[in-house]
Amino acid sequence: MSMYKRMIVIVSGVLFTLLALLAAIITDLNDRDFPQAIGSKSRLDISFNESEFSINEAFSKLKELDARLGLGLIKIAPDLASDKDDKIFVTLNGEGPPDEFTWFNGDETGKIVGKDRLDFSYPDGVYLVTGNTARLSEFEDTLKDAGVKMTRWDASILDSLVFVVMERGFTTVVLASLALTASLALFWLSVKARGRALRILGGSPIVRIQMQDLTEFGGALLISAGIVAIVATSYVGVFHGWMYVSTFIKVLISLQVVVMAISMLAALIMSASAWPSATMLATRQPAVKSLRAVSIVIQALTFILVVATAAPAWSAYKHSSAKAVEMAQWKKLSNQVSIVFATDTDEMADMEPKIGEMVKDAESAEAVALSYTYTQEMWPSIDFGKYSAVSFVNQGWLDLVTKGAKQRAIAPVSYHKLSEELIHGIQEEIEVLSNKEHSKNRFESIQFFHPVEGFRFPVAQGGGGESLHFGDDILLAVVPSLSDTFNDSTLTSMISSSNVVFTGVTATQQLLERHSLDVRALRDRGINGELKVIYIAEEGILQAQFAAYLAWLQNLSLIAQVIAFSVATAISALITATLQAKRDFPLRMAGRSWMRILQSRVGKELFVGGILVSIIVMLQRPNALGIVLLIAAYGLLMVPLSHLFAASWCFNGVSKRRI
């Protein structure tokens, strides 16, 4: 094997290794959606919001259909009992796979628990079908006829591949791979240019020359792809499990075939467009001269790609960090529950006095927390001043979200530092929400705080406590007592929107029983509805997990682009050095320094690079300007280093009569 083929094999090995990593990520994501260890075949997203089923009736219907149709349904839920960000899988009928199984990544163990875990959960959510799918359509039709919304996904490697490639972070990896393959094709044509010109002069048919060049290039890629595929597949089988080899190798080969096909197409197009002309042959011009323009375009495109995606990648990283913080906060709320009202409006009104008494009872046990947040969009008539939101909280909420903090998280705010408009607005809101005869005294007992610098305080969105809002500019209005500050109707509304939460499932269930709000007591009073105790952290943890994972993958794409640009720059410099070898060699032999020899070509590329960076910054106006400039500085540093290496290599080649 010639030296140039070995270089193609080595560099393309880096590319195919990157594709193997991408294939592993796709396999991991596919396994996350359809765990192969438990035989998952389909995935169902079920919503009972618009149906007439109560929570208990919904679960009963699911269990009945699951048992009758043999679907082996398993509900996905977060593991609130552990300190890790794990999921657990709950069987509806207590049958099926073993209690534990391993994931593709091998770092975690999946837990399968009994149906009792669903006693305090919504029926809405994602379910896996691990049994027979032959009658799954019958299951869908039965629930949809009852007003239940359902979305179904069947396990498909192609769907997983398309979904991943369409994600922004993965798309840039694919683009970087394509740029790298184009650079390899360009390199191969440059080293074959002289031999091709000689064969043309010798009368060889053009088609034969093209076929020989492309066959050798494709053969080098195939050798590299085969080596990487064998090594990667063996690694997956030994360290992850042989059950995943089939999925992994299908994804990897699909990616390799696509990339190799595009590489061959790019080589064919460049070969045809840069075919040596009779004039070039007659005037003895270097055969690679016609490839120079293509090399500049590829280098410029990869540079634009890596600089343009630096800011989004950094934002994704910061977003990932924020999601990690949010996940940590949700974990602190893992033992908190809300009460869902599966009742009509009239029945809720009848229960309001007892709910007020229940909240007072929970306060005496320090087992209730409040956070009801108004953003500027929710309260447009009031000028918040320097604050982005105003949140009514109690001491229970402060204790929950600051638990484990190494330093003080909030500082007091004086009334005098708040605008009269804001104070008046808060006072009016208290008058609306409280017992009117005591509203003035209630406002005077409120204390105001704000987060200290560097601490992003989490509060629950007003009207939807399942969504956390983080900010370092939130005004906290701390009420001394929920039952004394708000009337029974307001408390009932806040509980139904999960803005008032309670500690512990068992303790909250006992609260309902003590105040005659459990199912049996409600039936005795002729009320058909029910109050259900639900964990509040489930959906928040799952969303934070997914967002953090995608953010990590987008940063991986930036690394791939940096590699692609580095290779493209080195190849472009090598072509330039080959073209300039007749000039550089005598100058170097005369004692001139490389800096003086290369200053013209390097200066031009740095100037153009600076213009491209300026255009990108003006168009994007990125917040993370520092990271953009850092990536741009790396790219501009690669230019002189690549030219220095390429010129030195060509000088040695001429000295030894290899060039």
Side-chain angles (χ1 to χ4, degrees), residues 18 165-183 186 266 292-323 375-377 386 388 456 470-473 547-548 550-573 575-576 595 598-644:
L18 179 63
V165 171
M166 292 301 294
E167 286 293 327
R168 183 175 182 179
F170 288 106
T171 304
T172 49
V173 173
V174 174
L175 291 175
S177 301
L178 298 180
L180 186 54
T181 56
S183 299
L186 182 65
R292 177 58 181 152
V294 180
S295 69
I296 293 175
V297 170
I298 294 176
Q299 181 184 358
L301 288 178
T302 53
F303 181 69
I304 291 172
L305 183 64
V306 71
V307 174
T309 55
W314 180 255
S315 298
Y317 168 74
K318 299 297 289 184
H319 182 66
S320 174
S321 300
K323 281 297 180 181
T375 61
Q376 185 67 74
E377 292 76 16
K386 65 179 183 179
S388 64
R456 291 177 56 81
F470 285 77
D472 55 6
D473 55 355
L550 285 182
W552 178 83
L553 294 172
Q554 187 164 347
N555 282 273
L556 175 65
S557 72
L558 178 61
I559 297 174
Q561 293 166 46
V562 170
I563 295 173
F565 167 74
S566 302
V567 174
T569 301
I571 294 173
S572 178
I575 292 176
T576 302
M595 183 177 296
L598 302 175
Q599 62 182 3
S600 175
R601 69 190 75 163
V602 171
K604 290 178 183 178
E605 293 191 25
L606 293 180
F607 177 73
V608 174
I611 293 177
L612 292 176
V613 172
S614 301
I615 293 174
I616 293 171
V617 170
M618 285 190 295
L619 292 177
Q620 282 191 331
R621 298 186 182 276
N623 294 325
L625 182 60
I627 191 64
V628 174
L629 295 179
L630 179 63
I631 294 295
Y634 168 80
L636 297 178
L637 178 62
M638 277 295 298
V639 170
L641 292 179
S642 297
H643 278 291
L644 178 61

Q) Looking at Lys386 and Asp473, what are the two nearest heavy atoms and their distance? A) O-CB, 3.9 Å
Q. Which distance, rounded to the nearest 0.5 Å, do you find between the NZ of Lys604 and the CD1 of Ile296?
A. 9.5 Å
(Q) Could you walk me through whether Val297 and Leu301 satisfy the side chain to side chain contact (heavy atoms under 4.5 Å, CB included) test, starting with their C-alpha distance in whole Å, then the side-chain angles of each, then the deciding distance to 0.1 Å, before giving a yes or no? (A) CA-CA 6 Å; Val297 170; Leu301 288 178; 3.9 Å; yes
Q.
Rounded to the nearest 0.5 Å, what separates atom CG in Leu641 from atom OG1 in Thr569?
A. 10.5 Å
**Q.** All pairs passing side-chain hydrogen bond (donor to acceptor under 3.5 Å, both in side chains) where residues 625-642 contributes a residue, at least two apart
**A.** Ser566-Tyr634
(Q) Holding to side-chain contact (heavy atoms from CB on, under 4.5 Å), I want the full list of residues that pass it with Ser614, two or more places apart in sequence or in another chain. (A) none
Q: For Ile616 and Ala308, work out which heavy atoms get closest and say how close.
A: CG2-CA, 4.0 Å
Q) Should Val307 and Leu612 count as side-chain neighbours, where that means a heavy-atom distance under 4.5 Å? A) no
**Q.** Shortest non-hydrogen contact between Gln299 and Val639, atoms and distance
**A.** NE2-CG2, 4.0 Å
(Q) If you compare all heavy atoms of Met638 against all heavy atoms of Phe565, which two are closest, and at what distance to 0.1 Å? (A) CB-CE2, 4.1 Å
Q) Which pair of heavy atoms, one from Ala310 and one from Ile627, lies closest together, and at what distance? A) O-CG2, 4.2 Å
Q) If you take all heavy atoms of Leu606 and Leu636, which pair is closest and at what distance? A) CD2-O, 3.3 Å
